[in-house]
Amino acid sequence: MNKNNIIIAMATYNGETYLEEQIESIINQSYQNWRLIIQDDGSTDDTIGIVHKYISQDQRICLVKNDSNEHGAYANFYTLLEKIKNGNFGNDYNYIALSDQDDIWLECKLEMLSKNIEYTDVKQPVLVYSDYSIMDAYGNTVFESADALINLEPNVKESIFFSNSYVWGNTILFNRALLESIKFSEKIINKKYPHDAFLAKVATVIGQIIFVDTSLVRYRRFDKNESAGMWYKVSFSSLLNKVNFKTRAKTLGVTLDQSLAVLINYDQYRNKKIVNAIQSGGFIGAYYLIKHRVWKKQFVRSAGIYITMIIGLYKRWLNT
């Protein structure tokens, strides 16, 4: 058995419809040296019953409750990661993976991700993530590759700081060095920053981030998802929403406020040009985006970021 033990952190809330499929896909991984820690956020359906069924079958699975004052998908992950960091589940692990409650992992997911991280410096924070395919509520594939759709790979690290749709939590694996460097402040949790974008930004600032150009997760998207909206839909109404500057301003503002928190807390001086671009906005900010080739394959989305940056409406959501 591979010595590099992985803790899989899963956050659940009323996930009875698809939870069994996700757990089965984890059990069927080709890489078997893992533990699955499930933290429930107060489910009122049969989520707990389903988890207990699997606990009785597999001693690698355990269940805890989110007993904090912060709730919601992001807070559920943050508080669970904090427990892992504090040693609540022991210290005999090297890597951490995140799992949603309603996706399906390809059988080779953990094996491929671990192979891309196991030869890196254990003292350096490292995060590896992959491409993914998108399916609807019924399991029908909508897109084979999210990277082909929105260009997930950050060709330059600046892309990480100006976007919240590059690295998705259900595709990542990171080492203990990254987890131990995380500062789980109340401010980070209370603001409900996306946990996956936060981890990616920290890894980019203080360590290394690696992209695996293979779809390793079947990502289930439907109207009641707790995570991001259905950004991949191409329709007249969705296009209008993308060019709605108030909507774009809020999205960009929250994203950049999170970026500022990371940059200032972890690398304030070496990244002062990024900080200046975010805080200044206008043509200074737009020039920075152009200079560093921060662009997406979706033209409307990219144009929206540039225009919003120039207008500066996003600044009302900057609190850092």
Side-chain angles (χ1 to χ4, degrees), residues 1-12 15 18-39 50-51 53-63 77 80-81 84 89-122 125-135 139-148 152-153 167-179 196 199-200 203 208-221:
M1 184 175 288
N2 196 310
K3 65 179 181 179
N4 294 323
N5 190 36
I6 296 174
I7 285 185
I8 303 169
M10 177 187 289
T12 60
Y18 306 109
L19 182 56
E20 290 187 83
E21 284 186 277
Q22 174 66 304
I23 295 178
E24 289 286 347
S25 74
I26 292 174
I27 292 174
N28 292 326
Q29 288 292 296
S30 57
Y31 181 106
Q32 285 287 302
N33 195 14
W34 51 261
R35 285 178 291 160
L36 173 59
I37 313 297
I38 301 172
Q39 178 163 281
I50 292 171
V51 174
K53 181 186 76 172
Y54 282 99
I55 289 175
S56 68
Q57 299 172 4
D58 196 320
Q59 62 181 3
R60 295 173 297 178
I61 302 173
C62 77
L63 173 69
F77 272 113
L80 177 53
L81 288 175
I84 295 172
F89 311 104
N91 293 299
D92 57 335
Y93 66 93
N94 293 318
Y95 307 123
I96 304 93
L98 304 184
S99 173
D100 291 341
Q101 64 184 3
D102 44 29
D103 302 324
I104 297 175
W105 288 7
L106 271 65
E107 186 178 292
C108 61
K109 182 198 176 196
L110 290 180
E111 182 177 0
M112 287 194 67
L113 293 181
S114 63
K115 284 182 178 179
N116 278 272
I117 198 173
E118 63 183 0
Y119 296 111
T120 59
D121 185 352
V122 295
V126 180
L127 180 148
V128 57
Y129 72 104
S130 74
D131 194 0
Y132 59 91
S133 62
I134 301 170
M135 62 180 173
N140 301 311
T141 300
V142 179
F143 290 105
E144 292 288 350
S145 168
D147 178 61
L152 283 174
E153 183 177 6
V167 181
W168 293 78
N170 55 357
T171 72
I172 71 174
L173 179 76
F174 56 98
N175 62 6
R176 283 185 65 172
L178 178 60
L179 180 64
D196 42 13
L199 289 167
Q208 181 181 5
I209 189 164
I210 302 169
F211 175 64
V212 177
D213 192 10
T214 304
S215 293
L216 297 178
V217 175
R218 299 192 69 210
Y219 186 26
R220 197 186 305 268
R221 305 300 298 137

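Excluded from the calculations below are hydrogen atoms, water molecules and symmetry mates; all remaining heavy atoms, backbone and side chain alike, are included. Predicted, not measured: the structure shown is a model, and the values here were computed from it.
- A cation-pi arrangement is found for Arg220 relative to Tyr18, the charged atom lying closer than 6.0 Å to the ring centre and inside a 45° cone about the ring normal.
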Practice item. Report the C-alpha separation of Gln29 and Lys109 in whole Å, then their side-chain angles, then the decisive distance to 0.1 Å, and conclude whether the side-chain contact (heavy atoms from CB on, under 4.5 Å) test is met. Key: CA-CA 7 Å; Gln29 288 292 296; Lys109 182 198 176 196; 3.6 Å; yes
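- Put simply, OH on Tyr219 and OG1 on Thr171 are 9.5 Å apart, with the number rounded to the nearest 0.5 Å.
- Asp147 places no side-chain N or O within 3.5 Å of a backbone atom of Asp131 that could act as its donor or acceptor partner.
- In terms of heavy atoms, Cys108 sits closest to Leu216 at SG-CD2, 3.9 Å.
- A distance of 14.0 Å separates CD1 of Ile8 from OH of Tyr93, quoted to the nearest 0.5 Å.
- Within the 3.5 Å criterion, the main-chain N or O of Asn91 finds a donor-acceptor partner in the side chain of Arg176.
- Residues Met112 and Val128 fail the side-chain proximity criterion, which asks for heavy atoms closer than 4.5 Å.
- Between the side chain of Ser145 and the main chain of Ala148, a donor-acceptor pair closer than 3.5 Å is present.
- In this structure, CG in Asn94 is found 9.5 Å from CD1 in Ile117, a value given to the nearest 0.5 Å.
- Under a 3.5 Å cut-off, the side chain of Asn28 and the backbone N or O of Glu24 do form a donor-acceptor pair.
- Here the CD1 atom belonging to Ile96 is positioned 10.0 Å from the CG atom belonging to Asn5, to the nearest 0.5 angstrom.
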Check your understanding: Run the side-chain contact (heavy atoms from CB on, under 4.5 Å) check on Leu110 and Trp105 step by step: do they pass?
Key -> CA-CA 9 Å; Leu110 290 180; Trp105 288 7; 3.8 Å; yes
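- For the pair Ile210 and Thr120, the minimum side-chain heavy-atom distance is below 4.5 Å.
- A donor-acceptor contact shorter than 3.5 Å is absent between the side chain of Gln101 and the backbone of Glu20.
- Contact annotation: the side chain of Ile27 approaches that of Trp34 to within less than 4.5 Å [non-hydrogen atoms, C-beta and beyond].
- Pairing each heavy atom of Asn175 with each of Asp121, the nearest pair is ND2-O, 4.1 Å.
- Exactly one residue among Asp102, Asp103, Leu98 makes a side chain to side chain contact (heavy atoms under 4.5 Å, CB included) with Asn170. That residue is Asp103.
- Using a distance-only test at 3.5 Å, with no hydrogens or angles considered, a donor-acceptor pair links the side chain of Ser215 to the main chain of Glu144.
- Here the CD1-CZ distance, from Ile134 to Arg218, works out to 11.5 Å after rounding to the nearest 0.5 Å.
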Practice item. Would you please test Ile26 and Met10 for side-chain contact (heavy atoms from CB on, under 4.5 Å) and show each step? Key: CA-CA 11 Å; Ile26 292 174; Met10 177 187 289; 3.9 Å; yes
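- Closest of all the heavy-atom pairs between Phe77 and Ala9 is CE2-O, 3.4 Å.
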Exercise for review: Begin from the C-alpha positions of Ile38 and Ile61 and carry the test side-chain contact (heavy atoms from CB on, under 4.5 Å) through to its verdict.
Suggested key: CA-CA 8 Å; Ile38 301 172; Ile61 302 173; 4.0 Å; yes
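- The aromatic ring centres of Tyr129 and Phe211 sit less than 6.0 Å apart.
- Atoms CD1 and CZ, on Ile37 and Arg60 in that order, are 12.0 Å from each other to the nearest 0.5 Å.
- A donor-acceptor pair shorter than 3.5 Å can be found between the side chains of Tyr132 and Trp168.
- Two residues are said to be in side-chain contact when any heavy atoms from C-beta on lie closer than 4.5 Å; Val142 and Arg221 fail this criterion.
- At a cut-off of 3.5 Å, with distance as the only test, a side-chain donor of Ser99 or Gln22 sits close to an acceptor on the other residue.
- Surrounding CD of Gln59 are at most 12 heavy atoms belonging to other residues, nucleotides or ligands under 6.0 Å away.
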